[in-house]
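One-based numbering along the sequence shown. This structure is a prediction, so every number in the text was calculated from the model and none was measured.
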Amino acid sequence: QVQLQESGPGAVKPSQTLSLTCTVSGSSITTTSYYWSWIRQSPGKGLEWMGGVGAPANVGAPNNKYYHPFLKSRISFSMDTSRNQVILQLNSVTPEDTAVYYCARGLHGFDEHDYWGRGTQVTISS
């Protein structure tokens, strides 16, 4: 059974860096068919795809990472293959980054996701 679990701080101060971890079980993050997204939903808004990362063997964007254009200057992704984790870092956060953050698995890309985590609430506040 595939499961994704997001974890991280529930609150971060403005201007700091948010770091979230997605721990995956039942599926290897290095499988070349899979792409791992971070998606968020701010209060009163729809889902926003932030970006993601594919397996190291996949070809595509430099370093196999893909970014939402509006977040590209602040966001980074990494993989801890020994722990089967996908990590998000978002720099210089503002209250507008307050959201529920989800990780999700995409098959052959980021258009469709077949498994989602339950999400983790992050509040940006001083």
Side-chain angles (χ1 to χ4, degrees):
Q1 182 180 3
V2 179
Q3 291 185 325
L4 288 72
Q5 178 68 56
E6 304 89 349
S7 60
V12 179
K13 296 184 183 301
S15 81
Q16 293 186 341
T17 295
L18 169 65
S19 182
L20 296 174
T21 299
C22 176
T23 301
V24 180
S25 59
S27 178
S28 173
I29 63 173
T30 60
T31 300
T32 55
S33 301
Y34 300 144
Y35 292 74
W36 306 93
S37 285
W38 283 97
I39 298 162
R40 68 181 180 180
Q41 186 167 27
S42 301
K45 297 184 179 180
L47 294 170
E48 177 187 34
W49 180 78
M50 302 177 69
V53 58
N58 284 334
V59 296
N63 299 317
N64 207 36
K65 298 179 175 67
Y66 306 79
Y67 305 95
H68 188 294
F70 293 149
L71 295 171
K72 187 174 183 178
S73 64
R74 299 198 290 131
I75 201 168
S76 64
F77 306 107
S78 59
M79 287 179 144
D80 184 336
T81 55
S82 66
R83 298 181 179 182
N84 216 41
Q85 293 176 332
V86 182
I87 299 155
L88 160 72
Q89 285 199 320
L90 183 65
N91 301 322
S92 304
V93 297
T94 72
E96 285 67 41
D97 294 311
T98 294
V100 178
Y101 286 75
Y102 301 91
C103 61
R105 189 182 80 171
L107 185 61
H108 302 303
F110 299 112
D111 290 338
E112 294 184 2
H113 298 89
D114 57 355
Y115 289 96
W116 292 67
R118 298 183 68 175
T120 185
Q121 171 70 49
V122 177
T123 301
I124 311 301
S125 174
S126 56

Trainee: Answer yes or no: is there a side-chain heavy-atom contact under 4.5 Å between S19 and Q89?
Mentor: yes
Trainee: Please assess T98 against Q121 for the test side-chain contact (heavy atoms from CB on, under 4.5 Å), listing each intermediate value before the final yes or no.
Mentor: CA-CA 8 Å; T98 294; Q121 171 70 49; 3.9 Å; yes
Trainee: State the CD-OG distance between Q16 and S92, to the nearest 0.5 angstrom.
Mentor: 10.5 Å
Trainee: How many angstroms lie between CG in L71 and CG in N91, if you round to the nearest 0.5 Å?
Mentor: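 The CG atom of N91 is 11.0 Å from CG of L71, to the nearest 0.5 Å.
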Trainee: Taking the side chain as C-beta and beyond, is there a heavy-atom pair between P9 and V122 under 4.5 Å?
Mentor: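 Not in contact.
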Trainee: Assign the ring pair W116 / Y102 to parallel, tilted or perpendicular, where the plane angle (0 to 90°) is split at 30° and 60°.
Mentor: perpendicular
Trainee: Which residue in the set T81, V53, D80, L4 passes side chain to side chain contact (heavy atoms under 4.5 Å, CB included) when paired with V86?
Mentor: V53
Trainee: Under a 3.5 Å cutoff, is there a donor and acceptor pairing between the side chains of S28 and T30?
Mentor: yes
Trainee: Kindly say whether E96 contributes a backbone atom to a donor-acceptor pair with the side chain of T94 at under 3.5 angstrom?
Mentor: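 It does hold such a pair.
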Trainee: For the atom pair OG (S42) and CG (D97), what is the distance rounded to the nearest 0.5 Å?
Mentor: 7.5 Å
Trainee: Is there a side-chain contact between L88 and C22 in this structure, where contact means two heavy atoms from C-beta onward sitting under 4.5 Å apart?
Mentor: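 They are not in contact (no side-chain heavy atoms under 4.5 Å apart), so the answer is no.
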Trainee: Apply side-chain contact (heavy atoms from CB on, under 4.5 Å) to W36 and V24, showing your working.
Mentor: CA-CA 10 Å; W36 306 93; V24 180; 3.7 Å; yes
Trainee: Examine I124 and L90 and state if one hydrophobic cluster contains both, with Ile, Leu, Val, Met, Phe, Trp and Tyr joined whenever side-chain heavy atoms are less than 4.5 Å apart.
Mentor: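 Yes; tracing contacts between hydrophobic side chains, which count when under 4.5 Å, links both residues.
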Trainee: Under 4.5 Å between any side-chain heavy atoms of L18 and Y101, yes or no?
Mentor: yes
Trainee: Contact between L20 and E6 at the side-chain level, heavy atoms closer than 4.5 Å - yes or no?
Mentor: no
Trainee: Anything under 30° is parallel, anything over 60° is perpendicular, the rest tilted; go ahead and classify F110 against H113.
Mentor: tilted
Trainee: Less than 6.0 angstrom from the centroid, inside 45 degrees of the normal: does R105 satisfy that with respect to the ring of Y115?
Mentor: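 No, cation not above the ring by the 6.0 Å, 45° rule.
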Trainee: Drop me the distance from D114's CG to Y34's OH, to the nearest 0.5 angstrom.
Mentor: 7.0 Å
Trainee: With the side chain counted from C-beta on, respond yes when T21 and Q5 share a heavy-atom pair under 4.5 Å apart, and no when they do not.
Mentor: no
Trainee: Measuring from H68:NE2 to R74:CZ, what's the distance to the nearest 0.5 Å?
Mentor: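 Reported value, rounded in 0.5 Å steps: 11.5 Å.
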Trainee: If every non-hydrogen atom of A104 is compared with every non-hydrogen atom of I39, which pair is closest and at what distance?
Mentor: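 Here A104 and I39 meet closest at CB-CD1, 4.1 Å.
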Trainee: Between Y66 and F77, does the ring centroid distance fall short of 6.0 Å?
Mentor: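 No, they do not, as the ring centres are separated by 6.0 Å or more.
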Trainee: Just verifying a value: how many Å separate T23 OG1 and R83 CZ, rounded to the nearest 0.5 Å?
Mentor: 9.0 Å
Trainee: Do you reckon M79 sits in the same ILVMFWY cluster as M50, going by side-chain contacts under 4.5 Å, direct or chained?
Mentor: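 Yes; tracing contacts between hydrophobic side chains, which count when under 4.5 Å, links both residues.
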